[in-house]
Amino acid sequence: MSRFVLLCALLLGTGLAQAEIKTSEIPYKSPDGTSLVGYYAYDDAIAGKRPGVVVVHEWWGLNDYVKRRARDLAALGYSALAIDMYGDGKNTEHPAEAQAFMAAAMSAEGNPTARFLAGLDLLKQQPQTDSTKLAAVGYCLGGKVVLDMARQGAPLAAVVSFHGPLGTATPATPGSVKARVLVEHGEKDTLVPMAAVNALKEEFDKAGADYRVVVQPKAKHSFTNPDADRLSHAGHGSEKGPDLGYSQMADENSWADMQALFKEAFAE
């Protein structure tokens, strides 16, 4: 009998150890028929529904980095979906190609709002998602996408921009921002200068938004991405790579800021 009890305990322990982050790629479409690919992640050790978080990629596209961020969010207990702003899950390490992808996706024809909302709808459809508790995070290009969605009053409890562009053609108006907003910006970001930070503060102050801007000391653009230093030298031929740089301190501190915001926003 003791051997049987021990065997049961071992099997039970093994079962617990096998609880893990589950991932899948889910095809979906934007309203104009563009084929998109979502990367979904959740922790199967958690029972029932949990808040959902949309993750929007950098200008490189739906690459391994943004997929890892979806898994990181799943490990925190969220239902996380990395969405596709380019179509067919495209990604690249060529700056010129990334620029072309981004320009097409952010154009009127690309309709970034529609593509974001298609991803948000897909996240809401997942059985693990509590569709009454939603947030969005974005990196670089994705930071601009989620900030613009906040400006437009998307049904989100919280929005976080990590080293994202801060300007917009559709500024917030009084009462338009419903989400709590967190902007994480690098002090040494040469691609998004401090003038843009000050302009965003003025815009959000006038709109009466609930927001916070955190400037990470000495951090450059793309400070959350461990590949940033390598990608900063991603020039090809005469092409020069962007001015990027990873900062472990800024990465960890900004991630902690995000967790604190989500804890407050989802508690309401």
Side-chain angles (χ1 to χ4, degrees), residues 54-70 72 82-83 85-86 90-106 112 116 136-151 159-169 181-204 211-236 238-258 261:
V54 171
V55 189
V56 190
H57 55 72
E58 296 178 288
W59 76 329
W60 305 115
L62 191 68
N63 58 12
D64 290 341
Y65 171 66
V66 76
K67 292 177 181 179
R68 192 262 285 180
R69 284 304 188 186
D72 290 344
I83 66 171
M85 296 299 294
Y86 290 166
K90 289 197 294 285
N91 63 84
T92 183
E93 292 191 350
H94 294 244
E97 194 169 30
Q99 178 65 36
F101 288 166
M102 180 178 70
M106 299 303 288
F116 177 90
V137 303
Y139 297 84
C140 184
L141 162 69
K144 173 177 172 52
V145 171
V146 301
L147 284 175
D148 279 346
M149 295 312 305
R151 288 171 167 120
V159 159
V160 184
S161 167
F162 295 95
H163 44 81
L166 305 178
T168 184
V181 176
L182 173 63
V183 174
E184 296 282 344
H185 183 76
E187 180 187 24
K188 300 299 184 181
D189 191 331
T190 60
L191 304 182
V192 185
M194 287 302 298
V197 175
N198 295 332
L200 176 120
K201 290 179 177 179
E202 182 177 357
E203 174 198 350
F204 275 26
Y211 78 99
R212 180 186 178 206
V213 174
V214 179
V215 177
Q216 296 293 340
K218 301 180 181 179
K220 300 178 75 173
H221 194 78
S222 203
F223 60 78
T224 65
N225 189 340
D227 289 329
D229 297 287
R230 177 178 64 81
L231 291 169
S232 71
H233 298 94
H236 297 270
S238 61
E239 183 183 0
K240 184 179 180 181
D243 185 18
L244 311 177
Y246 176 65
S247 167
Q248 182 178 354
M249 180 177 293
D251 182 16
E252 293 175 353
N253 289 344
S254 61
W255 190 251
D257 290 342
M258 178 206 72
L261 174 65

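The first residue in the sequence is number 1, and the count goes up from there.
Of the possible donor and acceptor atoms, one in the side chain of K144 sits under 3.5 Å from a partner among the backbone N and O of G167. Y246 places no side-chain N or O within donor-acceptor distance of the main-chain N or O of D251, the cut-off being under 3.5 Å.
Under the 4.0 Å criterion applied to side-chain N and carboxylate O atoms, K90 and E97 are not assigned as salt-bridge partners. Between R68 and D64, no side-chain nitrogen of the basic residue sits less than 4.0 Å from a carboxylate oxygen of the acidic one, so the salt-bridge criterion is not met.
For W59 against Q99, the heavy-atom pair with the smallest separation is CZ3-OE1, 3.3 Å. Closest heavy-atom contact between V146 and G143: CG2-O, 3.3 Å. Listed here is the closest heavy atom pair of K218 and E187: N-OE1, 2.7 Å. Here the closest heavy-atom approach between residue T224 and residue S254 is recorded as CG2-OG, 4.0 Å. The two residues A250 and S247 come nearest to each other via the heavy atoms N-OG, 3.1 Å. Closest approach of L62 to I83, counting heavy atoms only: CD1-O, 3.4 Å.
Checking N198, V181, V183 one by one against V213, the side-chain contact (heavy atoms from CB on, under 4.5 Å) holds for a single residue, V183.
At a threshold of 4.5 Å between non-hydrogen side-chain atoms, the residues L191 and L244 count as touching. Side chains of F223 and E184 form a contact here, defined as non-hydrogen atoms less than 4.5 Å apart. Residues L261 and V160 meet the side-chain proximity criterion, which asks for heavy atoms closer than 4.5 Å. A heavy-atom distance below 4.5 Å is found between the side chains of D257 and Q216.
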*asked:* One pair to check against side chain to side chain donor-acceptor pair (under 3.5 Å): S222 and E58. What are the steps and the verdict?
replied: CA-CA 9 Å; S222 203; E58 296 178 288; 2.8 Å; yes
Could you go through R69 and V137, starting from their C-alpha distance and side-chain angles, then the distance that decides it, and tell me whether this counts as side-chain contact (heavy atoms from CB on, under 4.5 Å)? CA-CA 10 Å; R69 284 304 188 186; V137 303; over 6 Å; no
Can you check side-chain contact (heavy atoms from CB on, under 4.5 Å) on V54 and M149, steps first, answer last? CA-CA 12 Å; V54 171; M149 295 312 305; over 6 Å; no
Practice item. In sequence, state the C-alpha distance, the side-chain angles, and the governing distance for L182 and V214, and then conclude on side-chain contact (heavy atoms from CB on, under 4.5 Å). Key: CA-CA 8 Å; L182 173 63; V214 179; 3.9 Å; yes
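We find the OH-CE distance between Y86 and M106 to be 9.0 Å, quoted to the nearest 0.5 Å. To the nearest 0.5 Å, the span separating CG on L166 from CE on M194 amounts to 9.5 Å. From F204, atom CZ reaches atom OH of Y211 across 8.5 Å, with rounding to the nearest 0.5 Å. From N63, atom CG reaches atom CG of D227 across 8.0 Å, with rounding to the nearest 0.5 Å. Atoms NE2 and NE2, on H185 and H163 in that order, are 11.0 Å from each other to the nearest 0.5 Å. Rounded to the nearest 0.5 angstrom, N253 CG and Q248 CD are separated by 10.0 Å.
Relative ring orientation between F162 and Y139 is described as parallel, the plane-to-plane angle staying below 30° on a 0-90° scale split at 30° and 60°.
In this structure, the side chain to side chain donor-acceptor pair (under 3.5 Å) partners of H221, at least two apart in sequence or on a different chain, are D189.
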